[in-house]
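Computed from a predicted model, the values in this text were never measured in an experiment. Just follow the structure's listing: the first ligand is 1, and inside any ligand the first atom is 1. Side chains included, hydrogens not; waters and symmetry mates left out as well; all remaining heavy atoms used.
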Amino acid sequence: MAAAEDWVVRTAGQVRAEGERRYPGETPTCASGISPSGRVHLGNLRELMVPHLVADEVRREGAPCRHILSWDDYDRFRRVPVGMPEEFAEHIGRPLTAVPDPCGAHENWAEHFKEPLREALDRLGVQVTEISQTEMYTGGAYTAQIVTAMRRRVDIDAVLGRYRTKRAADQEDDDEPQAAAAVYYPFRPYCAACGRDDTTVTAFDDETTEITYTCACGVHEGPTPIARVAGKLVWKVDWPMRWAYEHVTFEPAGVDHSTPGSSFTVGAELVSEIFDGEAPLHFAYSFVGTTGSAKMSSSRGGAPTPADALEIFEAPLVRWLYARRRPEQSITLAFDAEVGRVYDEWDALSRKVAVGTADQAAQTIFERASGPAEGPLPVTPRPLPFRTLASVADITAGDQAQILRIIRELTAEDPVEDLDEVRPRLDCAQAWITEYAAPEDRTEVRDHPDTERLAALTDEERGALKLLIDGMTADWSLDGLTTLLYGVPKLLRGLKISEPPTPELKAAQRDWFILLYQLLIGKNTGPRLPTLLLALGQDRVRFLLGG
Ligand SMILES: [Zn+2]
Ligand SMILES: [Zn+2]
């Protein structure tokens, strides 16, 4: 793909050029912002992957690039997420870092939700510089900017006012100070007594920088120097302040933040007018949806997370699912039976890249998916088809010794010696079968022969079963069984086993396979029959087929 058509290369070039123009000699900065208010889901991962791909491209080109992850952990706790105890409602209005940890193992609420994302990013090879807004605000990093914003409150109010009428239905504004207040202040204190932000600023002295506020809990505070008052700028002012503070050159956002009158548009005006900065390069990225995750989502409380995806997809596949779409394209991550197809596509691409037949665009995306600039991520040494591994894991109910036996038989020409050779893919397949596979796609091997069906066999069916049982021992391998299974209807008709199939033979093969599925697993379809037979072993096959 020509560089101009490749959004990653194009944006990386812009980041380098703009970074050099704005902040000569400095490492350019790409930014992501995440609120650890609840489970960080797969949609939020795009907020990280888009800047990551760009920063990573700059590094691939041999230049440094900083990717910051700004944790919005000083935001107010807005609501108790579904599935969490209602008693947390007591903390609504406090900073996320002041809310207790729901599990007891973390420092606070925010850390509880940061940790799984941090681990997922590490596995995905996404290197970020974390910035805690709690640390920045409480450490006084932004005091000068807060004082500036307070002194310029009338100007800020005028900019915001130009957009207020245009966005009646905008949902982002619940963190702005009370619209009813006579005077607008862009800073919202966290109450010194109750810790909540149910506060109203009543005065600010531009000279002394002393602030006075009241709180719904009854407290009247101040005048106190604003440097000693906990609190934060409202979101629409906070965002542009940070662009200027961190010298952000590129920051994308979800389409909901990028419409006219939204926080990006407003921020772009405020950053130059108030904070003497420039809006970052910016574009909107589209949504990320999932299919087939309903069962797991309801049991874990909410949409699937990057950690959930990494349970069933190898890390390079997760990178690939994001990297292969342009930002304006939406992404659908499948957790249903489509997972097998996604793996097949990835394996086909891997093979093409290995032999040099992939087209340039696909190869570039493959390289981005395989790992960051620092080097490729670990892969499964023997990438057997995902569907095969899922069938084996299913049929054996996860029994490791049995899995190894079957996989050795499946790879008879160059046998797998140790299950680590098929990991992590085997673990992904195991997790998928257990957590996501639909009941109708699962395989339950019969405990006892289907005596009723066996008693009703036609002569032809009985003959076919005898050919299989007598013939299978001669070449008990994937290839041998495949040939025999397809060959039985031919042999029955007095044809050679190598006879090319006719429509009539194909119909006979279909009926024959259905018979086997019924006798072995009580359904009309199932995993590939040669794999299934190998998994069951000769004795079990003979027992269930009435031999
Ligand atoms: Zn916790
Ligand atoms: Zn209070």
Side-chain angles (χ1 to χ4, degrees), residues 34-41 44 69 71-123 130 132-135 137-138 146 150 174-181 183 185-204 210-234 296-297 299-308 310-311:
I34 295 284
S35 167
S37 56
R39 287 158 51 90
V40 180
H41 54 79
N44 305 127
L69 162 51
W71 290 111
D72 291 320
D73 56 10
Y74 204 47
D75 284 6
R76 72 194 298 264
F77 182 58
R78 290 167 193 274
R79 65 187 74 86
V80 182
V82 178
M84 285 290 184
E86 225 5 81
E87 62 249 35
F88 280 99
E90 128 98 8
H91 300 289
I92 288 174
R94 292 183 175 138
L96 292 168
T97 41
V99 179
D101 173 35
C103 83
H106 301 94
E107 214 175 304
N108 53 55
W109 182 276
E111 285 303 317
H112 178 85
F113 292 105
K114 284 182 194 180
E115 188 183 88
L117 181 66
R118 210 177 261 144
E119 281 173 9
L121 292 180
D122 190 47
R123 289 177 60 190
E130 293 182 50
S132 157
Q133 290 307 318
T134 299
E135 283 175 25
Y137 269 106
T138 60
I146 292 169
M150 287 296 267
D174 54 347
D175 60 349
E176 283 190 19
Q178 290 83 341
V183 184
Y185 294 101
F187 179 83
R188 175 82 74 99
Y190 282 115
C191 171
C194 73
R196 300 189 187 89
D197 70 346
D198 302 328
T199 51
T200 306
V201 176
T202 52
F204 179 75
E210 285 172 332
I211 188 172
T212 309
Y213 67 85
T214 60
C215 177
C217 74
V219 156
H220 289 255
E221 175 75 22
T224 311
I226 199 165
R228 297 218 305 265
V229 171
K232 73 183 288 288
L233 294 170
V234 299
M296 182 284 305
S297 296
S299 70
R300 293 190 195 175
T305 65
D308 294 329
L310 283 165
E311 265 190 16

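Defined by atom type and a distance below 3.5 Å, a donor-acceptor pair is present between the side-chain atoms of Glu130 and Trp71. Side-chain contact check for Thr134 and Asp73: at least one donor-acceptor pair (N or O, by modelled atom type) lies under 3.5 Å.
Atoms CG and CD, on Asp101 and Glu115 in that order, are 9.5 Å from each other to the nearest 0.5 Å.
Using modelled atom types, one side-chain atom of Arg94 and one backbone atom of Cys194 make a donor-acceptor pair closer than 3.5 Å. Formation of a donor-acceptor pair under 3.5 Å by the Tyr213 side chain with backbone atoms of Pro223 is not found in this model.
Among the heteroatoms counted here (N, O or S) of His112, ND1 is the one nearest to the Zn ion (ligand 1). Asp101 contributes OD1 as its N, O or S atom closest to the Zn ion (ligand 1).
Geometry note: the Zn ion (ligand 2) is the vertex, Cys215 SG and Cys191 SG are the arms, and the angle is 110° (rounded to 10 degrees). When ND1 of His106 and SG of Cys103 are joined through the Zn ion (ligand 1), the resulting angle is 100° to the nearest 10°.
Counting backbone and side-chain atoms alike, Glu111 contributes no N/O/S atom closer than 2.8 Å to the Zn ion (ligand 1).
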